[in-house]
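What follows is a single structure, written as C-alpha cells, with notes after it.
Fair warning: this is a prediction, and the values are worked out from it, not measured in the lab. Residue numbers start at 1 and run along the sequence shown.
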Amino acid sequence: MSIDRFILRKLNTCQEEHTRANLVRLFVIRIRKAEIAEEHDAAYVISKLN
C-alpha cells in the first residue's frame, strides 16, 4: 500500500485530534513535494525541446 493511501486511511479512522493534525501536515508536505517534482520534470522536458 502506498504511503498516501495509508495516510488517507488513517485520517478516516483516527479519532485523536493531534494525530489527525499531524497526518494532515504530512499529507500536505507530500503533495507539495509531488508538485515541485512535477514542475521540475516539466522544466526538464521543455529544456530538452529547446
Side-chain angles (χ1 to χ4, degrees):
M1 175 185 326
S2 77
I3 187 70
D4 297 329
R5 282 187 282 165
F6 174 79
I7 293 168
L8 290 173
R9 208 171 89 213
K10 287 295 182 183
L11 275 171
N12 284 335
T13 60
C14 183
Q15 300 284 323
E16 209 282 316
E17 190 78 24
H18 184 69
T19 302
R20 282 183 63 80
N22 285 338
L23 286 168
V24 169
R25 278 191 215 113
L26 178 60
F27 200 60
V28 168
I29 289 169
R30 292 188 56 78
I31 291 169
R32 286 183 182 152
K33 285 181 78 172
E35 289 173 341
I36 290 168
E38 191 174 285
E39 289 170 4
H40 177 72
D41 289 345
Y44 176 77
V45 169
I46 290 172
S47 70
K48 291 287 274 183
L49 292 174
N50 291 334

Hphob cluster co-occupancy, Leu11 + Val28, side-chain heavy atoms under 4.5 angstrom: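 Linked within one cluster.
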Among the clusters formed by ILVMFWY side chains lying less than 4.5 Å apart, do Ile3 and Ile29 turn up in the same one?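 No, Ile3 and Ile29 fall in different hydrophobic clusters.
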Those residues at least two apart in sequence (or on a different chain) that pass side-chain hydrogen bond (donor to acceptor under 3.5 Å, both in side chains) with Gln15 are none
In Å and rounded to the nearest 0.5 Å, what is the [atom1] to [atom2] distance from [X] to [Y]?
{"X": "Ile36", "Y": "Ile31", "atom1": "CD1", "atom2": "CD1", "result": "12.0 Å"}
{"X": "Asp4", "Y": "Arg30", "atom1": "CG", "atom2": "CZ", "result": "4.0 Å"}
{"X": "Asn22", "Y": "Arg20", "atom1": "CG", "atom2": "CZ", "result": "12.0 Å"}
{"X": "Ile7", "Y": "Arg25", "atom1": "CD1", "atom2": "CZ", "result": "13.0 Å"}
{"X": "Leu23", "Y": "Asn12", "atom1": "CG", "atom2": "CG", "result": "10.5 Å"}

Got more than 12 heavy atoms from elsewhere within 6.0 Å of CD, Glu17?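 No, the 6.0 Å shell around CD holds no more than 12 heavy atoms from other groups.
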